[in-house]
Structures are given as structure tokens and as C-alpha cells.
Amino acid sequence: MGKKIGVLDSGIGGLTTVKSLQDLLPGEDIIYFGDNKNVPYGNKSKDEILALTLKMIDFFKENDVKIVAIACNTISTLIDSYKDRYDFPIVDIISPTADYVVEKALENVAIIGTEFTVNQASYNKLILKQNPDIEIISEGSKNLAALVDSGKFDDEETKETISNHLKNLKSKGNYKNLVLACTHYPIVQDIFLSFEPELNIINPAYQQAKTIKDYLSEKDLLNKQEMGSLNIYTSGGPEIYSKIIDRLELINVGEIKTVDI
Ligand code: DGL
């Protein structure tokens, strides 16, 4: 059994899961892979996403992981196609939040994610299977993940895109709870709240980190050291990572390495 937690995403978005893991499990060693060369995944076909995902998980297989977090909603919609191919557990980001919505009996739920995630309707299926009375509306975005991945965290274009999506959601129905169903979106959560301060924002990255903590505690696999490390690998350049590391206040980050997988 390996020692590290592997976290992957199409780009920088999965670092929102890393942030929650560092808060909840400070002793863990984390290895991150962001496929920035191929971001965004949300506009690709199922076969393309699957092929790229297997390469990332294979990379983790060679790198001493005890568990892998799929810190990407788009990739998580396909979890059943790959989770049984490996001998370490693979945790998706969608089911912990679907369970949370049901447990808390949240009403009037809106979901915003990539078009791929919204078309797969995994949140809807998992929630409605447990409680068919919860009302859900959803909105897919073609470009918000790419805007965030290119570092346009506070740009007018990003603000306008978010404002338009919120208007679209309003025209579909009432909602009090908004699931940020793409791991890139919590990075610009402040913009969502600037337009609708009363919104209850649900961040699946946090729910995913909690699920990992529970699993590792239950199996007695927690790292007992006081302070863990964070090693970041990307298929793209390191520049965007310096920006996001500061914004999310990630700690103990080693050198950011570009690798071809
Ligand atoms: N961060 C990803 C997600 O949670 C994907 C964004 C993309 O590559 O389109 O869906």
C-alpha cells in the first residue's frame, strides 16, 4: 500500500480539493497532477476524457499512492468506467455532495458545471434516486473553467460569464443552494457571491476531502506525521500554479514539475 494521496484534475481546479485536504488532514503527503496541456475537458468526448484520465491514474500508480481523489466533476461522471481497474481506492467528487444534499434535505438546488457534467446529469440521478422530491435546475458552461485555468480570476470577462449564468439559472427556476460542480469554480466563488450574496454555496471539493478523511481514518491509513508535503506535476507550464497557490494559500509546496505522461 502506497503512502500518498493522489489528486488529479484537467488543470488547476483540483487544488480546491487539495486546499480542503490540507485543512482536514495536515499530516498527509499529497501528489497532484493537472493536465493543463489538455484543459478544458468539459468540451471533449467521453473517449477522449477516459484516455487522458487513465494516463493520469497510471502516473499515480507509479508514484506510491494509497488513494486517489478525482478532483474533477467532468471526469467523475465517468467513474464507473475506470475505478475497478486499479488496486487502490478512487474517490469521485460527485457522490459525497449528492449525499450531503439529501442528508441536509436541501430544497431548490441549482447545479452549475461544465456542459459535459450537466449533460451526464450524475448529480441529478444520485440525488433524485434518494429523494425524488428535491427540485434541481442546472446550467452548463462552455468556457468558465478555461477562463479560470488561464488565471483570469478577477477579469471582466469572468464576471460577465458568471453573471450571465446566474441570470440563466434564474430564468429556469428559484434556487437557494448552488452547487459549484466544477472544481475550477470555487476559485472564483467571490464573484458568484458578489452577484447573489444570499446564496448558499456548496463546494464539492470540501465534501470529497471529508469523505477521504473518513475512509482513511476507518481503514487506519492516516499519516501520523505532523506536517505533510505537496508535490505538483503538470503537463503544462508552472506559471499559473504560483498564482493559484497564493490565492488558495496552499502550504509546503515543493517544486512544480512539468511532465509528459
Ligand atoms: N475542473 C473540472 C471539473 O470539475 C473540469 C473543467 C474542464 O476541464 O472543463 O469539471
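In what follows, every heavy atom counts, from backbone to side chain, and hydrogens, waters and symmetry copies are set aside. These numbers come from a predicted model, not from an experiment. Sequence positions, counted from 1, serve as the residue numbers for this chain. Each ligand, and each atom within it, is numbered from 1 in the order the structure gives.
When each atom of ligand 1 is checked for a heavy atom of Thr114 under 4.0 Å away, the hits are 6 (C), 9 (O), 10 (O). The contact set between ligand 1 and Ser10, taken as ligand atoms under 4.0 Å from a residue heavy atom, comprises 5 (C), 6 (C), 7 (C), 8 (O).
Cluster annotation: Ile111 is not connected to Ile79 through the hydrophobic network of ILVMFWY side chains, with a link wherever side-chain heavy atoms come within less than 4.5 Å. Under the 4.5 Å side-chain contact rule for hydrophobic residues, Leu8 and Leu78 share a cluster. Under a hydrophobic-cluster definition in which Ile, Leu, Val, Met, Phe, Trp and Tyr are linked whenever side-chain heavy atoms come within less than 4.5 Å, directly or via other members, Ile187 and Ile202 are assigned to different clusters. Under the 4.5 Å side-chain heavy-atom criterion for ILVMFWY residues, a single connected hydrophobic cluster contains both Leu180 and Ile162.
In this structure, atom 3 (C) of ligand 1 lies nearest to the protein heavy atom Asn73 N, 3.3 Å. Among protein heavy atoms, atom 2 (C) of ligand 1 sits closest to Cys72 SG, 3.3 Å. In this structure, atom 10 (O) of ligand 1 lies nearest to the protein heavy atom Thr74 OG1, 2.7 Å. Looking only at heavy atoms of the protein, atom 6 (C) of ligand 1 is closest to Ala145 CB, 3.5 Å. When hydrogens are left out, the protein atom nearest atom 7 (C) of ligand 1 is Tyr41 N, 3.3 Å; that is the closest non-hydrogen contact. Closest to atom 9 (O) of ligand 1 among all protein heavy atoms lies Gly42 N, 2.8 Å.
Screening Lys4, Gln22, Lys66 for a side-chain hydrogen bond (donor to acceptor under 3.5 Å, both in side chains) with Glu28, the sole residue that qualifies is Lys66.
Ligand 1 does not have Gly13 within reach: every non-hydrogen atom of the residue lies 4.0 Å or more from it.
Of the charged side-chain nitrogens involved, at least one lies within less than 4.0 Å of a carboxylate oxygen, so that Lys37 and Asp260 count as a salt-bridged pair. Using a cutoff of 4.0 Å between basic side-chain nitrogens and carboxylate oxygens, Asp154 and Arg247 are scored as salt-bridged.
Remark: ligand 1 and Thr117 share no N or O pair separated by less than 3.5 Å (distance only, no angle test).
At a heavy-atom distance under 4.0 Å, atoms from both the backbone and the side chain of Pro40 approach ligand 1. For Val39, every heavy-atom contact with ligand 1 shorter than 4.0 Å involves the side chain, none the backbone. The proximity of Asp9 to ligand 1, defined as any non-hydrogen pair under 4.0 Å, is limited to the side chain.
Taking every heavy atom of both residues into account, His184 and Asp149 meet most closely at NE2-OD1, 2.6 Å.
Inter-residue side-chain proximity for Tyr123 and Val101 is flagged as unmet; no heavy-atom pair is nearer than 4.5 Å.
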